[in-house]
Protein chains: 4
Amino acid sequence: MAAMTEKRDNILDSALTLFAERGFDATTIPMIAKDANVGAGTIYRYFENKEVLVNTLFQYYVQVFTELLKKDFPEHHSIREQFHHLFQRMIRFTDEQEHALYFIKTHNAAYFLDDASREAFTDLWTILRDFLDEGKAENEIRDLPTLALIAIIFGGFLELHQLIRAGELERTEALMQGVENTCWDAVRHHP
Amino acid sequence: MAAMTEKRDNILDSALTLFAERGFDATTIPMIAKDANVGAGTIYRYFENKEVLVNTLFQYYVQVFTELLKKDFPEHHSIREQFHHLFQRMIRFTDEQEHALYFIKTHNAAYFLDDASREAFTDLWTILRDFLDEGKAENEIRDLPTLALIAIIFGGFLELHQLIRAGELERTEALMQGVENTCWDAVRHHP
Amino acid sequence: MAAMTEKRDNILDSALTLFAERGFDATTIPMIAKDANVGAGTIYRYFENKEVLVNTLFQYYVQVFTELLKKDFPEHHSIREQFHHLFQRMIRFTDEQEHALYFIKTHNAAYFLDDASREAFTDLWTILRDFLDEGKAENEIRDLPTLALIAIIFGGFLELHQLIRAGELERTEALMQGVENTCWDAVRHHP
Amino acid sequence: MAAMTEKRDNILDSALTLFAERGFDATTIPMIAKDANVGAGTIYRYFENKEVLVNTLFQYYVQVFTELLKKDFPEHHSIREQFHHLFQRMIRFTDEQEHALYFIKTHNAAYFLDDASREAFTDLWTILRDFLDEGKAENEIRDLPTLALIAIIFGGFLELHQLIRAGELERTEALMQGVENTCWDAVRHHP
DNA sequence: CATGAATGAGCGTTCATTCAT
DNA sequence: CATGAATGAACGCTCATTCAT
């Protein structure tokens, strides 16, 4: 059972790893096929072409990430606690899905992303946007365009994640704690 | 007059934009040629090959940026004033060459960079590292790995810059002022 | 049946003809592909690149020729009979593969030949050299540098072969007989 | 004076040397221009294109060679003396025009030769043809198709010349004497 | 006339995509 | 359905040829 989509999943898994490790342009379809133990032609039974494959992958992991952030969101707790929730989930996502966030980070501005992918990425931002807007209303968050604040937190966090992935920085609890504080100090309202 | 290097400059300009927007691998020589309004072969009169072109470009903008940061650096002023200098120069650099910093950030670890490019990048890196290390020594900057601090500032700032370029955010003096404060609050030591 | 290597053989056949007629440098991959009725990319399924193709071809025909000369060599017969054996086999080789010997002769000193090709050619050379040296030792062959004798026989024979191929001379048994005698009179010791 | 064709001569000289040393395909127009101390465009003032240049060159030297063989031909001497004359002139031509015969030898079957070049080459053979026909009539020359005899002498001689040029054989008087005897023994009538 | 910067066709090669099996 | 051999468009790059100076 479930054999019908097994190949599809293998293809997606292999594609994720290879896109993260080598990038979209340097990853060939035969490479993915070999890693997924399928024929090159088989990939085209599940995905119209290479761009559809990468967009499918991108949207899937952006949605997984989005849902992870949303789930168990401490609606009625303090802004600081909500920030902690979001930040910890971001960290958890990078821990659980070794390649996913790196793939998202390195491909989120790519020329081949379609509207659905860009929209999914925007949805991800919406969570942060709503949170920050609420925080600004409560005077807990700095009065700067919300988009700008997201860019700073997200851009900073992803850049850091990239360094950890590249092995240039060690992922310790202390570091993650420090980064959370850093990002919080960046966006919080300073009296 | 000055027509002798006009084509070379057009090529470099087109290459910068395309490398920044699509990346080195996804940018083809015919694309650059078309954008620069020259024949594909003409590019090879000025640059030995595609890798020499990208390295020339990389070194040029890294050096321009490095010199811009170094010039008039307020050596004996406060860490905050030094931060202000660096941040304003970074803003000025992105204003003057909207693609250059993004190009540098997305290509600084690329497989095709030669020794001169890596060296130039190290020089740039050194300015920021020395500044942050000095700041940490004076207890003015947060005690986090220097690499992490640079990642957060750059990652955040560039993500923002992308939004401005995309027209999603308007570049006002007030915004830039706010972003500088945000980044300062991120990295400064909070007593 | 046997369809699996049909394309490979077509490619080799076309390459042999074109390399012989135009030379390696003037023969393009598209030319070979067109002549072999395959796509240009197909050639690269069978041969890593153009140089591997030409080396494969070279080694193959040098070996075929070498073995043809060696087989049934009348070791203990007279020099004249040995000469007859070698000459008849050379004629047979050109009859069976009209371009092969000319291809070998025009490419045996080429810059793109690899070690295996040079070695194979040396083996071929050795047969003729040993025969002529033995003949000189027995005072049956003219006392001229062995290299010169080989050059004269091969140069003469191939020039003639070209005339036959061009249709300017008819290949009759009498002609071949006459040519063998001519070449023998060229190299034999005249008392 | 004579300045008007000086450039043309320089171009032809450089082309001869380069075609002989590297072959037609591996010689570029800029190479010839540089060696001849003219601009690349200048070559096109004197020769319509690269093929016209190589054909002009080919025809010129084939004619020079042809005339050298014809001049002072010992019409009423013995066949053997006439053969000696022709052979010595062949040798003299290779001595005087270091690159010319090698160029002719390596390019006489090339795909780019036009009708005039092939005709000139045929004219060269005509001298040998008339001589051999006369010799056959006098029963001094072997009874084999004249074309075949020319191929053997000429092919053999040129192949040998190539070895000398390549440095694999030393050009001594004894060798040249031996080669003449070899060729004579090849074509003469053996009673 | 002479030039050489500029061009673009065509090279060797790769790889996304197709389709006969 | 699954495959991988085959394809050909498009890559980076070279160089014969043109033409503004």
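Below, read A as the first sequence line, B as the second, and so on, with proteins coming before strands; counting in each chain starts at 1.
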*asked:* In this structure, how many angstroms lie between the C1' atom of dA5(E) and the CZ atom of F47(B), rounded?
replied: 15 Å
*CD1 of I11(A) versus C1' of dC1(F): gap in Å, rounded?*
12 Å
*Euclidean distance, atom OH of residue Y46(A) to atom C1' of dA2(F) [Å, nearest integer]*: 8 Å
*dC11(E) C1' sits how many Å from I32(C) CD1, rounded?*
12 Å
*Kindly say if Y44(C) contacts the phosphate of dT14(E), meaning a side-chain N or O under 4.0 Å from OP1 or OP2.*
no
_Can you identify which nucleotide, out of dA16(E), dT3(F), dT7(E), has its nearest atom closest to the K7(B) side chain?_
dT7(E)
*Proximity of Y61(A) and F103(A) rings by center, below 6.0 Å*: no
*Measuring from R118(A):CZ to L113(A):CG, what's the distance to the nearest 0.5 Å?*
5.5 Å
*Quick one: R22(C) CZ to dG10(E) C1', roughly how many Å, whole number?*
13 Å
*Whom does dT21(E) pair with, Watson-Crick or G-U wobble, provided both distances fall under 3.5 Å?*
dA2(F)
*Would you mind pulling out the nucleotide paired to dA16(F), Watson-Crick or G-U wobble, both distances under 3.5 Å?*
dT7(E)
_Please compare G41(B) and G39(C) by the position of their nearest nucleotide in DNA chain F and report the one closer to 5'._
G39(C)
*Mapping A40(C) and R45(C) onto DNA chain F by nearest heavy atom, which one lands closer to the 5' end?*
R45(C)
*For the pair R165(A) and E21(A), find out whether any cationic side-chain nitrogen is under 4.0 Å from an anionic carboxylate oxygen.*
no
_Test item: K7(A) side-chain N/O and N37(A) main-chain N/O as donor-acceptor pair under 3.5 Å_ = no
*Quick one: look up who dC11(F) pairs with, Watson-Crick or G-U, both distances under 3.5 Å, and put none if it's unpaired.*
dG12(E)
*For E48(B) and dC15(F), give me the distance from atom CD to atom P, rounded to whole Å.*
13 Å
_If you only use heavy atoms from C-beta on, which nucleotide in dA2(F), dT17(F), dA16(E) is closest to the side chain of I29(D)?_
dT17(F)
_E6(A) CD - dA2(F) P separation (whole Å)_ = 11 Å
*Output the single nucleotide from dC13(F), dA16(E), dG12(F) whose closest atom is nearest the side chain of T28(A).*
dA16(E)
_Closest non-hydrogen atom pair, Y111(A) against A26(B)_ = CE2-CB, 3.2 Å
*side-chain N/O T42(A) vs dT3(F) OP1/OP2, d < 4.0 Å*: yes
*5'-most contact on DNA chain E: V38(B) or E51(C), nearest heavy atom basis?*
V38(B)
*Write down the distance between CG (N37(D)) and P (dA2(E)), rounded to a whole number of angstrom.*
14 Å
